[in-house]
Structure formats: C-alpha cells, structure tokens
Protein chains: 2
Amino acid sequence: MAVTIKDVAKLANVAPSTVSRVIANNPRISEKTKRRVREAMEELGYHVNYNARSLANRSTQTLGIVMPSSADKVFQNPFFPEVLRGISTKAHENEFTLYMSTGSKEEEILDAVKGMVHGRRVDGIVLLYSRIDDSIMKFLKDEEFPFTVIGKPFKYPDEVTHVDNDNFRAAKDVTEHLISRGHERIAFVGGKLDLVVTVDRLSGYEKALREANLKYRDDYIVHVEFLKEGGHEAVMELCSLEEPPTALVVADDLMALGIMSKLDEIELSVPDDISIISFNNVMLAEYASPPLTSVDINIFQLGYQAVNCLLEKIEDAEASNKRVCVPHKLVERWSVKTL
Amino acid sequence: MAVTIKDVAKLANVAPSTVSRVIANNPRISEKTKRRVREAMEELGYHVNYNARSLANRSTQTLGIVMPSSADKVFQNPFFPEVLRGISTKAHENEFTLYMSTGSKEEEILDAVKGMVHGRRVDGIVLLYSRIDDSIMKFLKDEEFPFTVIGKPFKYPDEVTHVDNDNFRAAKDVTEHLISRGHERIAFVGGKLDLVVTVDRLSGYEKALREANLKYRDDYIVHVEFLKEGGHEAVMELCSLEEPPTALVVADDLMALGIMSKLDEIELSVPDDISIISFNNVMLAEYASPPLTSVDINIFQLGYQAVNCLLEKIEDAEASNKRVCVPHKLVERWSVKTL
DNA sequence: AATAGTTATGGAATCGTTTACAATAAGAAA
DNA sequence: TTTCTTATTGTAAACGATTCCATAACTATT
C-alpha cells in the first residue's frame, strides 16, 4: 500500500493536518516542523494522491482538450501537434495537466466531454476547433462550464471566450496581395463549409474582390473536404474552365500541397501557370516545391493564449468573456508570380 | 453542490450502497429497485464523481500518453496525430480515457511522468517513442509500473512490452527493392541516431548492401536532425560526392520532403536524377511531387496495439512481456526509377 | 416445524486529502 | 500574577464513492 499523509505524520510526530499544511507550504507552520516533516516525507518516499486531493479540493488542476473527431481527416493536420505544443507549454507553466477526449464520432466525443465535466475530471476545457453548429460547444455553454475555443464561435461570439486570428482580414490581405501582383482571376479553395474559419476566409476573399471591382464568380469557389480525392476533381474543374484562374487562395497548407500534386500531374506549373497562397504556414510549407507563400497564423500562440484565457476563467468564473486576436503575417516564398 | 449518491439514495428510499450497486449493475439488486434508483438518478441528474470512485477503487480507468519533448522537431510529424488516433480508438473501446504529459524538456517530462504514476493519475502509460538511453523508460521499469512502448526498447527489449515494426526487415526490403531496380549507389538518410528506429533501419540497409556485395560507404550515411537546415547541407554533400548516389533510403517521409525540396533547388529531379524511398507513408507522401514510394508502417495499428498490450498488463500485472510486430508494406508510387 | 440456504438490501468502514474550528503554549500587557 | 494575544498544532468532519459484513425475508429441505 502506498505511503500516506498519516504515515508521514506518525513518523514526524505531528498530526496529519500538519503534514498537509507543510505540503501546501502554509506559513503558519514553523520552519522547524516543516523541516522535520519534509525529512519524514523524504524518508518514506511520500507522494500526494491527486485523486484524494481533488476530491477534498473540488479542483483537479487539469484541463480537457477536445479535438475534432479523429475519424475526421482534419485531424491529421500538423496544426494539431503545434497547437498542442502551445497548450501544453502554458498549462505546464501554471502546473496544470492535460486530459484528452477520445472518440471518433461527434456523438462519442460529446459523451466523453459530458464525462469530463460531470465526472469532475477537469477544471476547464479547450475546444480545438470551431464548427458552425456544434453540440459540444452548446453543451459547455448550457452547463456554464469554463471553456475557451480556438477559432471564432459562430453563434455567440460575444458570449464565449475565444482566441482566433483575424481570418477575414488575413484572407483579404492575401487576396489583395495577389491583386497587387496583377492577378484578376483568383479562385478560392476552402475546406468544409461548416468550419467557421472557412467562412471567415471566404468572406475576406470576397471583400477584397469586391473592393477591387473584380467579378466574384461562383465557379471560382471550391470546397474540398481536406486533401481528398474530391479535391482533385475540384481542381480539374477549376482548370478546365474557359477562363481558368491565374491564382488560388487556399485555406490550408495541406490542401495546397494536394492541389499542387494534382497540378503537377496535369503538368501545370506553380507559380508559372498558376499562383498559390495558402494559410497556416505549417513547417511543411517551406519544404514544398516550390516553397509555399503562406499566412503564418502563429499556431503556437493560439494554443498558448487559449489556455491563458481558460485559466483566467477558472480563476474567476465571473470574468467577462474575452476575445483574443493572434496576429498573422504573410510569409512570402515562391508560389506566387507577378503577372 | 453536485448531486451525490446519497441524494439519490434518499429519493429512491434505499441505502447509498444500493445506489452504488445499481450503478455497477450488480445482479444482486432486484430489477424493481434498479428501476426505482435509475429514475431517481434521472430525476436528480446524477453523475458519478470519478475522483471519488478512483479513490475508493484504486483505479483510474485512464492511460497516460508520453510524447517526445514538444521542443523537439519530431513532435511536428503527422505520425503523432495518427498514432494518437489508434491509441484513442482502442482506449475508447475499453472505456479508458487519456491523460497527456506536458513539458518541453526531457527533465520536465520525467517529472510529469513521476507525477502521473506516484500521484495515481493513470493506470498505465504508453511511451510514444523509443530512444537509446531514456530516463523515462528507466523510471517506469524501476517502478514496475505498467507501460508499453511504441518502437523497440534499446536496452531490455525482452523485459518491456512493446509494439514495433520490423524496421530492420523493412529497411532491408526497401534497399533490396532499389537494388533490384538496378541501383548500386544507394545512400541512407536517417534521423537522430539516438532513436532506436534509426539504428534499426540503418542496419537493415547495411545488411541488404552486404548481401548484394555492394560497398558500404561511410560517406553515404547521413544523419539529419529531422527536416532542418543541417539536412539541406547533408544533401548537398551527398550530391557533390565524386560518385553521387543514384538512390536514397530516407528514414521518414517528412525528411524526404525536405530533401526533395533541396533537390529541386539544385535542379536535380526525382526520380530521373535520383530515386527516393522513405518510411511511414504519412498521408502527405501521396501528395508530394512526385508522389513518394514509401513504406506503410501502419501507424494506426502501432497505437491501437500498444494500448491493447497495455490493457493486458494492467489487467494482469504478472502477464509476461510481449512484443507485437506490426506488418509493413511497401507502397510504390513515383519516386523510384528503374535504371 | 425447525434448520439451512438464498436473495435483496442496509450499515459502516475505508480510500487519502483538505480545512474549519478548537486547543494549547508562550509571550506581552496590565 | 492574571489576562489577552498570537503563533502553532491537533481534532474531526467533510469530499463522494466502493465494499465487506451483517441482516431480514423468503424458499427449500428434512
């Protein structure tokens, strides 16, 4: 059986409560007894039992992470390891630990999340994505459980704390960049339309077009379920249009890679025949051929700040809801040509 | 305050112990009372408190996941989301949940792991990597805590349960494949030498060479710290050799991408000037240009089986140590040319 | 009819902490 | 010397389950 606070108490000749206070480094315990107790802990090899502590404490010092359903292709995006790195860093700094949802279908994940919150497994939750109509977000909101989302909540942006990029702006910037390089026929390739990030980027693109008095054409808008077969067809269609686009705004680096691979197949060259700008600036963007011009959205910060906000909410449940905007930056490489 | 088992007991007019039994669906409780208790739970909106349960139970139904230090570039490999998917799937099937290590330096991670095991936060641990001299593995082994590793433990392969590919064999296969395609000058590009997987693949490569009576040349062996600047230099050196290789065995898809990007820069074409075979068959391999011939190591299965083994160990601490070998398969695409 | 054996449930201890409150001793003030 | 503080430590009740050990009410057996 593991060594408990009582064993330590006995050896150090104090009450269990005293030992507990020593652990918490309570200033009301004299240095002398602290020393004695610490020696006893050392000698017996004592370690707190977090379950017991959490029970007594009503706090777990752990954060729940909810990923998109692992069945989803999106899950394979290097975005996740990187955002996790940010989350993990901040959590570690504040001595919080991480708990992960499992489950592959949305239904399953919702159950897992319910388990986390009702079962008192976590003090707060980070949602790693934002979909247009998400049952999990709804649940968390209804329960008034502390949570933050990475990305912009579609329904109640003011009522839920979130950290996001200015995706509208970023897409607008990017499109304008293309326009300034002489492009007029610019197409947009986005991911699933139920992801808020997709709609934001789409509207930024649209706005830029409008402001430049360029035609917004429906046949220039394509939605690809991440880099999948469907995407390839979409690219084909785009290229076989009477007036094919000279440039593409692509909502994700990986999608851009997929597209480039298809383009390569049909012997169109980037950027000579067609220019591409994509989003996220995942490490891979640099190693594509040609290296991709991409919007760096600072994924690490997204994770880091999300935890930061979450901790504030946990600390003070009454804290008002915040919106943190992580800056983006266009990093130019070789996938864009000036016409 | 949350509703507890006692509240339910009161409402249903039974003892708390009875409620507990109903939760566990103990057959010794009559259907009638079960129904009554369940109604009460429903009415009050009861949910178990896992902390309390774990405390009483001495089991957490959760598994710890230890990733490589997030400071490490390796972390960004899509390998991890995919292996996590496997882990998560099997864990979910058996109603286990997941707990993640935080920390970026090895030291920090070790502390986190100590917290997990001493603090009774998890019932077992999966190590997502295998390094040649790993303090964490040593700790787990010394503590006789249930754990499995993905990859082959370098030091005590028979004493620790692990799931791995036959990397030696896979590398040998791949090298022979190249040889059978007429290549004689084949170089090896591996990752950090302290990863066991690197040394295994290197020896497979070497063996194939020996058996084919081809010269094993030191200047054909290059170690790249993942896809980083250093890697680029290494490629340059390789290509500026008097007798440059005609084919490359590359230990990781991402590394291969990095290499191809460099090759592209110096205007060498794959596969016309140089052939490449890599490992892992991450989704991206398919979207490289040209699409990469790569060894599919079945990452999902690695994760799935690792959890499978771990659960067995948790179930029965005396269970003997197993070694599960996940089969690999060469998937041929367009990065290899027949000479 | 008395005894043994089931079946369904309750009582109470236990898991390992935390923490409100009580108690004590020592020192300061009167 | 007595009383009041103050500093330090102890007592015991939570926290919310699980589970061993009764026990009561039946049924089956002799």
Side-chain angles (χ1 to χ4, degrees), chain A residues 1-38 40-41 44-62 95 115-123, chain B residues 1-41 44-62 95 97 115-123:
Chain A
M1 205 73 6
V3 15
T4 79
I5 223 173
K6 287 184 190 164
D7 303 322
V8 176
K10 206 166 291 168
L11 179 59
N13 242 305
V14 296
S17 54
T18 302
V19 177
S20 175
R21 293 193 180 100
V22 172
I23 294 171
N25 200 18
N26 187 317
R28 303 176 51 126
I29 300 293
S30 71
E31 281 309 320
K32 192 159 51 149
T33 25
K34 276 189 184 173
R35 208 173 315 123
R36 195 147 41 93
V37 170
R38 292 204 176 107
M41 299 197 328
L44 297 177
Y46 170 81
H47 294 278
V48 287
N49 180 318
Y50 288 105
N51 288 311
R53 172 180 286 181
S54 291
L55 183 59
N57 244 356
R58 291 92 172 296
S59 103
T60 60
Q61 291 282 113
T62 109
E95 296 185 289
M116 283 189 195
V117 347
H118 289 144
R120 301 269 126 74
R121 288 214 205 240
V122 301
D123 295 341
Chain B
M1 204 73 7
V3 15
T4 78
I5 222 173
K6 286 183 190 165
D7 303 322
V8 176
K10 206 166 291 170
L11 180 59
N13 243 304
V14 296
S17 50
T18 302
V19 177
S20 176
R21 292 193 181 100
V22 172
I23 294 171
N25 201 18
N26 186 317
R28 306 177 51 122
I29 301 292
S30 72
E31 281 309 319
K32 193 159 52 145
T33 23
K34 276 188 185 172
R35 208 171 317 124
R36 195 149 41 94
V37 170
R38 291 202 176 110
E39 272 164 18
M41 299 197 330
L44 297 177
Y46 170 81
H47 294 278
V48 286
N49 180 317
Y50 289 104
N51 288 311
R53 173 180 285 180
S54 291
L55 184 58
N57 244 355
R58 290 87 173 296
S59 104
T60 59
Q61 291 283 112
T62 110
E95 297 185 288
T97 56
M116 283 190 196
V117 347
H118 288 144
R120 301 267 127 76
R121 288 215 205 240
V122 301
D123 294 340

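Reminder, nothing fancy here: chain letters follow the sequence lines and each chain counts from 1.
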With nearest nucleotides of DNA chain C determined for A:Asn51 and B:Lys34 from heavy-atom distances, which residue corresponds to the more 5′ nucleotide? B:Lys34
Is the shortest side-chain N/O distance from A:Thr18 to OP1 or OP2 of D:dG10 below 4.0 Å? yes
Student check: side-chain heavy atoms of A:Arg36 and A:Asn13 closer than 4.5 Å: yes
Closest of C:dT7, C:dG16, D:dT9 to the B:Arg28 side chain is C:dT7
Hey, which sits more toward the 5' end of DNA chain C by its nearest nucleotide, B:Ile29 or B:Arg120? B:Ile29
Could you state the interatomic distance from CG (A:Asn51) to OG1 (A:Thr60), rounded to the nearest 0.5 Å? 10.5 Å
Which part of the nucleic acid, if any, lies within reach of B:Val19 when heavy atoms closer than 4.0 Å are counted: base, sugar-phosphate only, or nothing? nothing
Would you say a side-chain N or O of A:Asn26 is under 4.0 Å from OP1 or OP2 of D:dT9? no
Could you tell me the separation between the CE atom of A:Met41 and the CD1 atom of A:Ile5, rounded to the nearest 0.5 Å? 9.0 Å
Measure across B:Lys34 and B:Pro27 and return the closest heavy-atom pair with its distance rounded to 0.1 Å. NZ-CA, 4.2 Å
Spacing between B:Asn57 atom CG and C:dC15 atom C1', to the nearest angstrom: 10 Å
In whole angstrom, give the distance that lies between atom NZ of A:Lys32 and atom P of D:dT9. 8 Å
For D:dA17 and B:Ser20 - does any side-chain N or O of the residue sit under 4.0 Å from the phosphate oxygens OP1/OP2? no
In this structure, how many angstroms lie between the C1' atom of D:dG16 and the CG atom of B:Leu44, rounded? 15 Å
Does A:Thr33 put a side-chain nitrogen or oxygen below 4.0 Å from OP1 or OP2 of D:dT9? yes
What I want to check is whether an N or O donor and acceptor connect the side chain of B:Arg58 with the base of C:dG16 at under 3.5 Å. no
Close side-chain approach of B:Arg53 and B:Ile23, heavy atoms under 4.5 Å: yes
Considering just the side-chain nitrogens and oxygens of B:Ser17, establish if one lies under 4.0 Å of OP1 or OP2 belonging to C:dG10. no
Both A:Val14 and B:Arg53 contact DNA chain D. Which one's nearest nucleotide lies toward the 5' end? A:Val14
Taking CG from A:Asn49 and P from D:dG16, how many angstroms apart are they, rounded to a whole number? 16 Å
Without decimals, in angstroms, what is the distance between B:Arg35 CZ and C:dA8 P? 13 Å
Starting at atom CD1 of A:Ile5, determine the distance to atom C1' of D:dT11, rounded to an integer number of angstrom. 14 Å
So, OP1 or OP2 of D:dT18: does either fall under 4.0 Å of a side-chain N or O from B:Tyr50? no
In whole angstroms, the gap separating C1' of C:dA13 from NZ of A:Lys6 amounts to 11 Å
Looking at every strand, decide which applies to A:Asp7 at a 4.0 Å heavy-atom threshold: base, sugar-phosphate, or nothing. nothing
Measure distances between side-chain N and O atoms of B:Ser30 and base N and O atoms of C:dT7, and say whether any donor-acceptor pair falls under 3.5 Å. no
Atom of A:Ala2, atom of B:Arg120 and distance for their closest heavy-atom approach: CB-NH1, 3.1 Å
Rounded to whole Å, how long is the line connecting atom CZ of A:Arg21 with atom C1' of D:dG10? 8 Å
Side chain of A:Ala56 - closest among C:dG11, D:dC15, D:dT19: D:dC15
